[in-house]
Amino acid sequence: MSLIANIIRSEVRDLSAYHVPDSAGFVKLDAMENPYTLSTEMQQALAERLARVGLNRYPVPSYSALKSAIKRQLGVPPDYDLVLGNGSDELISMVSVACAKPGAKVLAPVPGFVMYAMSARLAGMEFVGVPLNADLSLDAAAMLAAIAEHQPAIIYLAYPNNPTGTLYDTADIEAILRAVGDTGVVIVDEAYQPFSPVSFMSRLAEFDNLLVMRTVSKLGLAGIRLGYMTGCPALLNEFEKVRPPYNINVLTEAAAEFMLEQVAVLDAQAAQICQQRSLLAAALAALPGVQVFPSAANFLLIRVPKAEQVFAKLLKQKILVKNVGKMHVLLENCLRITVSTPEENSLFLDAFSASL
Ligand SMILES: *Cc1c(COP(=O)(O)O)cnc(C)c1O
């Protein structure tokens, strides 16, 4: 159709829409969601809170109460401001829009989070993927060489990484921050921070080019769509100009404020998921032919002899995991499994052992 060719950019025409499989009736272990729902008491208190929200008014775009709650409850240093996004996906596209000078490039290790490359291309920037080592650790030498060659404006380091669960070496990240200097921003994406023992949040004062990006999605609030990012004030000031002024809606704002008052509930769930992660990893590693990669996130990446077959057999048993084998050569025969409740994990383990 010539209308499409005439008006739609080739970067957009070349993309396929982000595919989310229909999961009704499945044990859903494919999207790193928190499996727990709210208690009846909390549901009621939340409903009362949401009922008082003025749906007729625009949000107040400073979001100061919400920002204070995030800073206080989620460990952001008090002297740092935040930029809020409709999920961290929106923060990623805001950074792309702000940095998309002609010829600007985006660099990240691969396999990594798919939105980095997608958002770069949509903003008209070249994406440079630097392969991880075979053990899925960061190839620091290759990263530094690629940074010197391409001078990227944006570097993403998911810490821990998705879909591998890996934590990169602190010294390698420091070396990257220093090598990039004032030619680019390094975004440390801590989407899985609730399950990770480490963070770069306390290192902000040392690096002007460091941005720490997080989301409440994996903590248990994927449905409300809320991400936050912090870093040096001059940078945040520029990203604020790109942010759609009312991007966090009043219901998300109220629900997030409510949940952050009770963040201990979510923290306890995260602790339980970490405990389950160890148990599930040990149980999987004990099965013949199964390789389990170390994970600091709420999922496990595993390698099995015939991943396609195992995936299909799991589907027949109404269990949905993520088949990442086609994402990158380094992930051949790999599956990514979200850690869930003890009950769902054991359903998965039974079905999985029967599928091998
Ligand atoms: C899930 C995920 C995000 C996206 O989070 P949203 O806030 O739900 O958009 C960002 N980065 C990584 C590495 C993720 O795995």
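Atoms within a ligand are numbered from 1 in the order they appear, just like the ligands themselves. All of these numbers come straight from a predicted model, not from anything done at the bench.
For atom 9 (O) of ligand 1, the closest non-hydrogen atom on the protein side is Arg225 NH2, 2.8 Å. The protein heavy atom nearest to atom 15 (O) of ligand 1 is Tyr192 OH, 2.6 Å. Atom 2 (C) of ligand 1 has Lys218 NZ, 2.4 Å as its closest protein atom, hydrogens excluded (heavy atom only).
Partners of Gln275 by side chain to side chain donor-acceptor pair (under 3.5 Å), not counting sequence neighbours: none found.
At least one donor-acceptor pair closer than 3.5 Å links the side chain of Asn345 to the backbone N or O of Ser340. No donor-acceptor pair under 3.5 Å is formed between the side chain of Thr252 and the backbone N or O of Ile248.
Following chains of ILVMFWY side-chain contacts shorter than 4.5 Å, one cannot reach Val329 starting from Val128, and the two form parts of different hydrophobic clusters.
Distances between N or O atoms of Tyr116 and those of ligand 1 include no value under 3.5 Å.
If you look at Phe207 and Phe200, their ring centroids are not closer than 6.0 Å.
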Mind listing the side-chain donor-acceptor pairs of residues 349-356 below 3.5 Å, one per line with the distance, residues two or more places apart or on another chain?
from: Ser353; atom 1: OG; to: Leu349; atom 2: O; distance (Å): 2.4
from: Ser355; atom 1: OG; to: Gln317; atom 2: NE2; distance (Å): 3.1
from: Ser355; atom 1: OG; to: Ala351; atom 2: O; distance (Å): 2.6

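Contacts of Glu90 with ligand 1, taken as heavy-atom pairs under 4.0 Å, are absent altogether. When non-hydrogen atoms are compared, ligand 1 lies under 4.0 Å from the side chain of Asp189 (C-beta onward) but not from its backbone. Using a 4.0 Å cut-off between heavy atoms, Met115 makes no contact with ligand 1 at all. Heavy atoms of Ser88 found under 4.0 angstrom from ligand 1 belong to the backbone as well as the side chain.
Ligand 1 lies nowhere less than 4.0 angstrom from a heavy atom belonging to Met32. Distances from ligand 1 to the non-hydrogen atoms of Met213 include no value under 4.0 Å.
Salt bridge absent: Glu257 and Lys67 never bring a charged side-chain N and a carboxylate O closer than 4.0 Å.
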